[in-house]
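Below is one structure, written out as structure tokens; comments come after it.
Small disclaimer: the values here were computed from a predicted structure and weren't measured. A, B, ... follow the sequence lines: proteins, then strands. Residue 1 opens every chain.
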2 protein chains.
Amino acid sequence: MYRFKCSIGFVQFRGVLVASIRDVAKEAGVSLGTVSNAINRPEVLAPRTLRKVQKVIEDMGFVPNASARNLRAGRNRVIGLVVPDISNPFFTDLAKGVNDAAFAAKYVVILCNTDESTEKENQYLDVLSAQNVEGILITPARDTNRALASVTEKGIRLALVDRPALGLQACSVAVNDSYGGSLALTHLQELGHRNILLLTGKEDIPQVADRNAGIREALKKISAAERPEITELRLDSMSAASAYEVIKRKIDSGIDFTGIICGNDLIALGAIRAFREKNIAVPEEVSVIGYDDIDFADSANVPLTSISQPAYELGYAAAELIISECENPERHVHQRIEFQPRLIVRSSTAPTKSHRANLKIS
Amino acid sequence: MYRFKCSIGFVQFRGVLVASIRDVAKEAGVSLGTVSNAINRPEVLAPRTLRKVQKVIEDMGFVPNASARNLRAGRNRVIGLVVPDISNPFFTDLAKGVNDAAFAAKYVVILCNTDESTEKENQYLDVLSAQNVEGILITPARDTNRALASVTEKGIRLALVDRPALGLQACSVAVNDSYGGSLALTHLQELGHRNILLLTGKEDIPQVADRNAGIREALKKISAAERPEITELRLDSMSAASAYEVIKRKIDSGIDFTGIICGNDLIALGAIRAFREKNIAVPEEVSVIGYDDIDFADSANVPLTSISQPAYELGYAAAELIISECENPERHVHQRIEFQPRLIVRSSTAPTKSHRANLKIS
DNA sequence: GATTCTCCTTGAACCGTTTTAAGCGATTGC
DNA sequence: GCAATCGCTTAAAACGGTTCAAGGAGAATC
């Protein structure tokens, strides 16, 4: 650090001497405004002055104080990301996308993990607005969160991730969940499954509701004779542990299905673990289909058939969207980006026995 | 929002009217300093005044501007977390621990992902110090990063996570990597493995170096007759994809080992995938041991033997440490917390053929 | 040589808080 | 009855930047 060489006293800050723009100015023999220009509008300075100031900045290791900057400019290059479960690789990938896009634009991301709780979500929204972030990227735990609207009233821009912006003044980046649901159902139906268990989270989780809707939609299109029977089972938390417990109990009370559609891959992994423990073969006796197609799906005990969602791209696009809104508010128009999910077939799904028999006959 | 009722003009901010402390003061008929006191030191105000001001604050939905506050007070309840790879569940869990501890203390976390690059690490350190975060939690990509020292010089408190604080004025929370390495080696050695491949990241990654040191230490304690031969192989990135490619090539050029010690579980999964593809049985032909014991280790294709590290606790402890330092700088003394790793045996390791034969004989 | 024009640079105002010394009315002490 | 004390409240000075109107030094024009 340069501080010992500097002729005038630096400011005491947290017990340490830190250079301010004033110190740079004095050292470089220019005015304070010139230093500011060197940082923000180098093109207005004479090349000689610019170089001189830059050298001093470099030597002193000067970094402009973001708070002061923000106070004056009303901007701070911070966005918030609010997700229900960062341990889920889907959201991890999404967060990575957000981070990379933010980094490229010299923004910074505050990560908030709500554990699927609306209460924690609201607390985080309060904290984020106190921090005065420029924008918030959120995958809301529930569809009806009035706190979301009040955030936009405070001038904080909002974008919904993995959700359409229902009635909100906001951009959204989502995956077509309804189509994803229908992909899963159709796959099992075509393999001959007629009794299917739907193992998801609480109904008020938007993604869950949409996929269920897609499944029902797809059901209608299937002739009555071939139409599967659906049973629903709700987990308190969309985690492997929760699915493991529930499926173990289910096995004990008797299995009345040949296929499971899971709310995400973690649930699928938990279920498969339960089956393995009880010596029920996947996919021979039960087919399991996951959702998200996380990286591990391929390395799993039984490589998972899953519905692939572009998590990283989702996050990247969302961050780009909100950052462009922050940089250019007047020109911005809210938009809705929708990605399409894809079915990835691996080893955890197979035709039912009767279906195989039928195939041989015909 | 109150803004339409207020008699004087609010400040235009991001296209939206936002109340400042001045507006509150005017509305409540008190001075600006009194409002500040109502917020920060309610005990100095007369109860009547306090109630009056609080009511106005409530009605206006006033939230103090964090930038101004930070500028003046030098505190902002923000800490930074810098990790090499957030996609790695080890760091995800760690980040979750940090987040939970921060949330409990009403702090907020800026997440920074460096992709194991010192350059990106330094850029993030600059951004974080510009943001004036109160503290930084970091798992440095390399041991020798001079930028770290300069951060503390700027009055930003530092704590090292998953690393001891080598010569730095900082707390640290770490896992005994050297012991972890010896655990892995001893396990394979006891299973009869005499040719072991070490599949890790670059040597200058501190954790890698320490574990290697632990392995060499353990080797020395083994009698020459039983001492395994170690070959090292370095990956550019500690990811499944990288391990997969390298091991596939290795298989083609001939396998001269019966066991692999991997730098983390992702590497182990990538390696196992390569073996499976080439029809080499794990653990019958090759034993594989991972590191970190991520949640998924148990659900993997071949359930992974691994060295378990308390990632969540690591993060939680680190965050608590730095937050207590921020809240009480003068009373704080730097400390070093060390967790012990544990060996978790699953199915990816087994005795070598000759070892099994020996066992039968004896 | 005076005038205009360009190109840089400067000084001062301002952003919204916190903090502290000073002020002020009421109460207490002598 | 006057000074000292007490309990609140206030005014004003930071904090560290950005921004912009105004100033000043040369170069170009007349």
Side-chain angles (χ1 to χ4, degrees), chain A residues 8-53 56-57 60 62-77 129-132 154-155, chain B residues 8-14 16-53 57 60 62-77 129-132 154-155:
Chain A
I8 65 148
F10 281 18
V11 184
Q12 186 87 12
F13 177 65
R14 287 188 201 145
V16 165
L17 300 175
V18 167
S20 81
I21 202 170
R22 264 166 256 269
D23 303 312
V24 176
K26 200 151 285 186
E27 186 70 13
V30 296
S31 82
L32 175 164
T34 300
V35 178
S36 178
N37 281 333
I39 298 166
N40 302 300
R41 306 142 80 201
E43 69 281 2
V44 310
L45 291 189
R48 233 175 74 91
T49 319
L50 178 59
R51 274 196 305 276
K52 184 173 59 180
V53 175
V56 175
I57 289 180
M60 299 177 86
F62 167 74
V63 182
N65 178 314
S67 301
R69 198 173 221 182
N70 173 35
L71 175 58
R72 184 64 236 247
R75 302 205 31 198
N76 59 3
R77 308 190 90 79
S129 57
Q131 289 289 346
N132 236 314
K154 287 181 187 141
Chain B
I8 65 144
F10 281 18
V11 183
Q12 186 85 14
F13 178 64
R14 288 190 203 145
V16 166
L17 299 175
V18 168
S20 83
I21 204 171
R22 256 171 264 270
D23 302 313
V24 176
K26 199 151 285 186
E27 186 71 12
V30 296
S31 82
L32 179 162
T34 301
V35 178
S36 176
N37 280 334
I39 299 167
N40 301 301
R41 307 143 78 199
E43 69 281 3
V44 310
L45 290 190
R48 233 175 73 90
T49 320
L50 178 59
R51 274 197 304 277
K52 184 172 63 179
V53 175
I57 288 180
M60 299 176 84
F62 167 72
V63 181
N65 178 313
S67 302
R69 190 173 229 179
N70 176 221
L71 174 58
R72 184 57 235 235
R75 299 207 35 196
N76 58 5
R77 307 190 88 79
S129 56
Q131 289 290 346
N132 235 313
K154 285 181 188 144

Check the distance between [N]'s [atom2] and [X]'s [atom1] and give it to me in whole angstrom.
X	N	atom1	atom2	result
A/Ile21	C/dT9	CD1	P	15 Å
A/Asn76	D/dT18	CG	P	14 Å
B/Arg22	C/dT18	CZ	P	12 Å
B/Asn70	C/dT19	CG	P	12 Å
A/Ile57	D/dG16	CD1	P	16 Å
B/Lys52	D/dC8	NZ	C1'	12 Å
A/Arg51	C/dC8	CZ	P	13 Å
B/Asn132	C/dT17	CG	C1'	15 Å

Base D/dG16 to side chain A/Arg69, donor-acceptor N/O within 3.5 Å cut-off: no

Donor-acceptor pair under 3.5 Å, A/Arg72 side chain vs D/dT18 base: yes

Side-chain donor-acceptor distances from residues 39-50 of chain A under 3.5 Å, at least two apart:
unit_1, atom_1, unit_2, atom_2, d
A/Asn40, OD1, A/Arg69, NH2, 2.8
A/Asn40, ND2, A/Ser36, O, 3.0
A/Asn40, ND2, A/Ser36, OG, 3.3
A/Arg41, NH1, A/Asn37, OD1, 3.2

Shortest side-chain distance from B/Phe62, nucleotide among D/dT10, C/dT10, C/dT17: C/dT17

Criterion side-chain contact (heavy atoms from CB on, under 4.5 Å) against A/Val24, the qualifying member of A/Leu32, A/Ile57, A/Thr34: A/Ile57

Closest-nucleotide ordering on DNA chain C, the 5'-leading residue of A/Leu32 and A/Leu50: A/Leu50

Say you draw a straight line from [atom1] of [X] to [atom2] of [Y]; how long is it, rounded to the nearest 0.5 Å?
X	Y	atom1	atom2	value
A/Met60	A/Asp23	CE	CG	5.0 Å
B/Ile21	B/Lys26	CD1	NZ	13.5 Å
A/Leu71	B/Arg72	CG	CZ	12.5 Å

A/Ser67 backbone acceptor or donor facing B/Asn132 side chain under 3.5 Å: no

Net bend of the helix from C/dG1-D/dC30 to C/dC30-D/dG1, end axes of five pairs each, nearest 10 degrees: 60°

Please produce a list of atom pairs where a protein N or O lies less than 3.5 Å from an N or O of nucleotides 26-28 of chain D.
none

For B/Ser129, all residues meeting side chain to side chain donor-acceptor pair (under 3.5 Å), sequence neighbours excluded: none

First of B/Val30 and B/Ala68 reached from the 5' end of DNA chain D, by closest nucleotide: B/Val30

B/Ser20 side-chain N/O to C/dG16 phosphate OP1/OP2 under 4.0 Å: no

Contacting residues from residues 33-49 of chain B, given that a heavy atom lies under 4.0 angstrom of DNA chain C: B/Gly33, B/Ser36, B/Asn40, B/Arg41

Nucleotide-resolved protein contact map, nucleotides 21-27 of chain C, B/S/- at heavy-atom distance under 4.0 Å: -------

